[in-house]
Amino acid sequence: MPTRLLEAIDSPADLRKLAPADLPRLAAELREFLVASVAQTGGHLASNLGTVELTIALHYVFDTPRDRLVWDVGHQTYTHKILTGRRAAMAGLRQAGGIAGFPRRAESEYDAFGAGHSSTSISAALGMAEAFHQLGSAQRAVAIIGDGAMTAGMAFEALNNAGATELPLLVVLNDNDMSISPNVGALNNYLAKLMSGRFYAAARRAGEKVLSAVPPIKELARRAEEHMKGMVTPGTLFEEFGFNYIGPIDGHDLDVLVDTLTNIRQLSGPQFLHVVTRKGKGYAPAETNPCLYHGVGRFDPDAGVAEKSGGKPTYTQVFGDWLCDMAAADSRLVGITPAMREGSGLVHFSQQYPKRYFDVGIAEQHALTFAAGLACEGVKPVVAIYSTFLQRAYDQLVHDVALQNLPVMLAIDRAGLVGADGPTHAGSFDLSFLRCIPNMLIAAPSDENECRRLLTTAFLHDGPSAVRYPRGGGSGATIEAGLEPLAIGKGVVRRRGREVALIAFGSLVGPALAAAESLDASVADMRFVKPLDVELLRDLAHGHRLLVTLEENAVAGGAGAGVAEALAALGLDVPLVHLGLPDTFLEHGDPARMLADCGLDAAGIARAVRQRIPLLPE
Ligand SMILES: Cc1ncc(C[n+]2csc(CCOP(=O)(O)OP(=O)(O)O)c2C)c(N)n1
Ligand SMILES: CC(=O)[C@@H](O)[C@H](O)COP(=O)(O)O
Ligand SMILES: [Mg+2]
């Protein structure tokens, strides 16, 4: 049995000791390791299997960590982690106390830039390249971006900026023709065209010319001349942006990758390398179904990942079912997703209503303004979006939707803690950043049935609205089939007590009810964060010695802050405690454990109340 190469690699310096001929064997070992490791921990498998050779080649050729590798999204960095001293740590990937599933500057000097959200890499790498220029350093910056991430406006803002500089920035486009689901849009069509036979052959020739040390400026001039003559040259789009386009090359051929990168490293000016890879490469089930293997839980590598079926529905499924039912009831409804068809529960809707379904790519900002335009003309858009990704579309929500009071509905999934993805993906802030926007209706359901009813309420509302619900399932409440709205701005008292009133929002109504079992407590399910049920607050304030607000959102500026403002406006001075997420970024871990660590499980809530009650005057 030959010695395994991987076991001797604790840093890229070890990697660089290998002969080029050894690299394919290393790639095979890495794939084996990845499948076995992710099967134990869960994680983003398919993207990582696709970038094994590219990662090896980048670390082999570039002088990391001096040279900076900036990974876009960062969900494809497992090989990078393994090669940079974290092979053993992969056993704790995405688990409490273990390494993160994304690059983290605090985790390793090789993680040049933190990520989790997409399409930031070119901007960040450009900033680094400019910094090296300012500092007189010969270090290099490389952005590695996927074809999905490339669909975002931010990527093009960065290309626009970078292409007008002389900086030796390298952008590597990792084109696997997939986002999480199949990639969409005109850019995707364009990349497919580049890949088609005619262009592929021509592109290879163009690439060879560049690599045979033709000064890039002359190459650009040549191509400009060809363009003037009306000849269509491969890579035109990226060249028009001022980059030297090279490729497409085979992203699984280590010889080609190493040679190409070695040559590019000598070139000056912005470089764009188009690399073609296969998502899931080397593990047949993932190659066949890269979407299912994009992000996986623990699984048996021999059996593969099972498609989910049965069990109590998640909030995502509740939303997806509601969307189909509401679409049947109202032909004006359209559904929009910024590249999260599966995660947001839109698969059935996309199949049943293909003409009313819009995957706009990773383009949250565009999704909101596109929805605003639709709403202007009487169409009723529902934008399904993760809380964390809505952050990117804030100005569009304020300026294009809310300011014009347009009936755009947001179905906000992953609100609150998400667990293994950690702070980049936690939906900790939406209540804080939505609450201050005029015209917004904001609802937070406490169970699946209330979710369905609040979705209907928001949809029927003639103005901007948001319903936020957490990752995973709820209490397993029976879901009524109808489409009945609830009264806007009205909460409901779920339990009567005398000492303390637990004023709970959304996912914390359940823990509040459980905590109340050991307390003399009332529990209010507020249902709406905006407008708040001020009458209910007044009643609760009059009838209890202590008020406690509860939310799975940052305490800072959240629903509880809204309660405090409302009580102050009513002139009511009642002892008030706010329970919610702390003013810190919480690391990845088990979501239930994390909630308990924040004191937001039943025991923590009861503890917080007892700490205050003895101190209160009778
Ligand atoms: C701003 C933002 N929106 C959405 C996502 C969710 N997301 C993570 S990976 C991904 C697909 C990325 O596709 P690509 O860049 O081609 O990488 P691949 O998965 O194919 O390796 C999406 C939509 C995200 N991380 N960030
Ligand atoms: C990398 C990324 O942004 C997504 O793949 C994300 O991890 C999906 O999260 P969910 O598993 O909650 O859908
Ligand atoms: Mg892709």
Side-chain angles (χ1 to χ4, degrees), residues 42-52 54-55 71-79 94 100-103 114-122 143-155 172-185 187-188 191-192 251 274-281 286 290-297 308 314-316 337-346 359-367 384-394 413-427 469-472 588 591:
H44 289 98
L45 185 58
S47 302
N48 282 289
L49 289 170
T51 48
V52 169
L54 178 58
T55 310
W71 298 94
D72 208 281
V73 183
H75 63 313
Q76 74 293 56
T77 50
Y78 299 176
T79 296
R94 289 160 51 94
F102 301 107
H117 287 203
S118 87
S119 319
T120 60
S121 62
I122 306 178
I144 306 104
I145 183 166
D147 55 312
M150 199 70 217
T151 60
M154 229 194 128
V172 178
L173 174 65
N174 170 32
D175 182 1
N176 56 18
D177 198 19
M178 284 294 287
S179 189
I180 293 180
S181 31
N183 204 3
V184 295
L187 179 71
N188 186 53
L191 292 177
H274 187 173
V275 173
V276 177
T277 62
R278 187 170 174 108
K279 204 162 170 171
K281 173 84 176 169
C291 185
L292 181 65
Y293 284 83
H294 175 81
V296 296
K308 281 187 200 96
T314 59
Y315 279 101
T316 305
T337 173
M340 297 303 284
R341 182 182 67 187
E342 281 73 16
S344 291
L346 290 173
D359 177 351
V360 296
I362 306 182
E364 288 81 6
Q365 299 169 312
H366 162 66
I385 191 161
Y386 284 18
S387 169
T388 190
F389 302 141
L390 177 59
Q391 290 164 193
R392 194 163 275 192
Y394 195 54
D413 205 325
R414 291 355 181 232
L417 298 175
V418 294
D421 271 345
T424 53
H425 285 63
Y469 43 89
R471 191 177 198 275
H588 51 273

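Sequential numbering from 1 along the given sequence is applied to the chain's residues. Remember, it's 1-based here, ligands and their atoms both numbered in the order they're listed.
Looking only at heavy atoms of the protein, atom 5 (C) of ligand 1 is closest to Phe389 CZ, 3.2 Å. Here the heavy atom of the protein found nearest to atom 23 (C) of ligand 1 is Ile362 CD1, 3.4 Å. For atom 3 (N) of ligand 1, the closest non-hydrogen atom of the protein is Glu364 OE2, 2.6 Å. Looking at atom 2 (C) of ligand 2, its nearest protein heavy atom turns out to be His425 NE2, 3.3 Å. In this structure, atom 11 (O) of ligand 2 lies nearest to the protein heavy atom Arg471 NH2, 2.8 Å. In this structure, atom 1 (C) of ligand 2 lies nearest to the protein heavy atom His44 NE2, 3.4 Å. Closest to atom 13 (O) of ligand 2 among all protein heavy atoms lies Tyr386 OH, 2.6 Å. Of all protein heavy atoms, the one closest to atom 8 (C) of ligand 1 is Val73 CG1, 4.0 Å.
Inclusion of Met178 in the first shell of the Mg ion (ligand 3) is supported: an N, O or S atom falls under 2.8 Å. Distances from the Mg ion (ligand 3) show that Asn176 has an N/O/S atom below 2.8 Å.
Geometrically, ligand 1 and Met178 share a nitrogen or oxygen pair separated by less than 3.5 Å. In terms of polar-atom proximity, defined here as any N/O pair under 3.5 Å, Asn174 makes no such contact with ligand 1. On a distance-only criterion, His75 and ligand 2 share no N/O pair closer than 3.5 Å. Ligand 1 has a nitrogen or oxygen under 3.5 angstrom from a nitrogen or oxygen of Ala149. Inclusion of Asp147 in the set of residues having an N or O under 3.5 Å from an N or O of ligand 1 is warranted.
Contact annotation: for Asn176 versus ligand 1, heavy atoms closer than 4.0 Å belong to the side chain alone. Of the heavy atoms in His294, only side-chain atoms (C-beta onward) come closer than 4.0 Å to ligand 2. Of all the heavy atoms of Arg414, the ones lying under 4.0 Å from any atom of ligand 2 belong exclusively to the side chain. By the criterion of a heavy-atom distance under 4.0 Å, the side chain of Val73, and not its backbone, is placed next to ligand 2. Heavy atoms from both the backbone and the side chain of Ile180 come within less than 4.0 Å of ligand 1.
Annotation for ligand 1: atoms under 4.0 Å from non-hydrogen atoms of Gly146 are 14 (P), 15 (O), 16 (O). Annotation for ligand 1: atoms under 4.0 Å from non-hydrogen atoms of Ser118 are 1 (C), 2 (C), 24 (C), 25 (N), 26 (N). Near Arg392, meaning under 4.0 Å from any of its heavy atoms, are these atoms of ligand 1: 1 (C). Short contacts between ligand 1 and Lys279, defined as distances under 4.0 Å to a heavy atom of the residue, involve ligand atoms 18 (P), 19 (O), 20 (O). With ligand atoms numbered from 1 in the order given, ligand 1 contributes 18 (P), 19 (O), 21 (O) to contacts under 4.0 Å with heavy atoms of Ser47. Each of the atoms 9 (S), 19 (O) of ligand 1 lies under 4.0 Å from some heavy atom of His294. Close contacts between ligand 2 and Phe389 involve ligand atoms 3 (O) [criterion: under 4.0 Å to a heavy atom]. Near Asp421, with a cut-off below 4.0 Å to any heavy atom, the atoms of ligand 2 are 6 (C), 7 (O), 8 (C), 9 (O).
Proximity of Cys291 to Glu342: side-chain heavy atoms (C-beta onward) are separated by under 4.5 Å at one or more points. Met340 is not listed as a side-chain neighbour of Ile385, based on a closest heavy-atom distance of 4.5 Å or more. Taking 4.5 Å as the limit, some side-chain heavy atom of Asp147 sits within range of a side-chain heavy atom of Asn188. Looking at Met150 and Asp175, their side chains never come closer than 4.5 Å, going by heavy atoms from C-beta outward. Using a 4.5 Å cut-off on side-chain heavy atoms (C-beta onward), Arg341 and Ser179 make no contact. Two residues are said to be in side-chain contact when any heavy atoms from C-beta on lie closer than 4.5 Å; Gln76 and Asn48 meet this criterion.
Without hydrogens or angle criteria, Ser119 side chain to Ala155 main chain gives no donor-acceptor distance under 3.5 Å. A side-chain donor-acceptor contact under 3.5 Å links Tyr78 to the backbone of His44. At distances below 3.5 Å, not a single donor-acceptor pair connects side-chain atoms of Asp413 with backbone N or O atoms of Ser344.
Taking all heavy atoms of Gly295, Gly148, Ala339, Ser179 into account, the minimum distance to atom 11 (C) of ligand 1 is reached by Ser179. Checking His44, His75, Gln76 against atom 18 (P) of ligand 1, the nearest heavy atom belongs to His75.
Closest approach of Leu49 to Ala286, counting heavy atoms only: CD1-CB, 4.1 Å. Of all non-hydrogen atoms in Val73 and Ser118, the two that sit nearest each other are CG2-CB, 3.3 Å. When all heavy atoms are compared, the tightest approach of Pro103 to Trp71 is CG-CB, 4.4 Å. Across Pro591 and Gly419, no two heavy atoms sit closer than the pair CD-CA, 3.9 Å. Of all heavy-atom pairs spanning Val360 and Ala367, the tightest one is CG2-CB, 3.9 Å.
Evaluated for a ring pair (Phe, Tyr, Trp, His ring centres under 6.0 Å) with Phe102, the options His588, His425, His117, His75 yield exactly one hit, His425.
Within the model, atoms CG of Leu346 and OG1 of Thr337 stand 5.5 Å from one another, a figure rounded to the nearest 0.5 Å.
In the model, Asn174 has a side-chain atom that pairs as donor or acceptor with a side-chain atom of Thr277 under 3.5 Å.
Looking at Asp147, its N, O or S atom nearest to the Mg ion (ligand 3) turns out to be OD1.
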>> Show, in sequence, the C-alpha distance, side-chain angles and deciding distance for Arg94 and Asp421, and conclude whether the salt bridge (Lys or Arg N to Asp or Glu O under 4.0 Å) test is met.
In response: CA-CA 7 Å; Arg94 289 160 51 94; Asp421 271 345; 2.7 Å; yes
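Using a non-hydrogen distance threshold of 4.0 Å, Gly116 registers as a contact of ligand 1.
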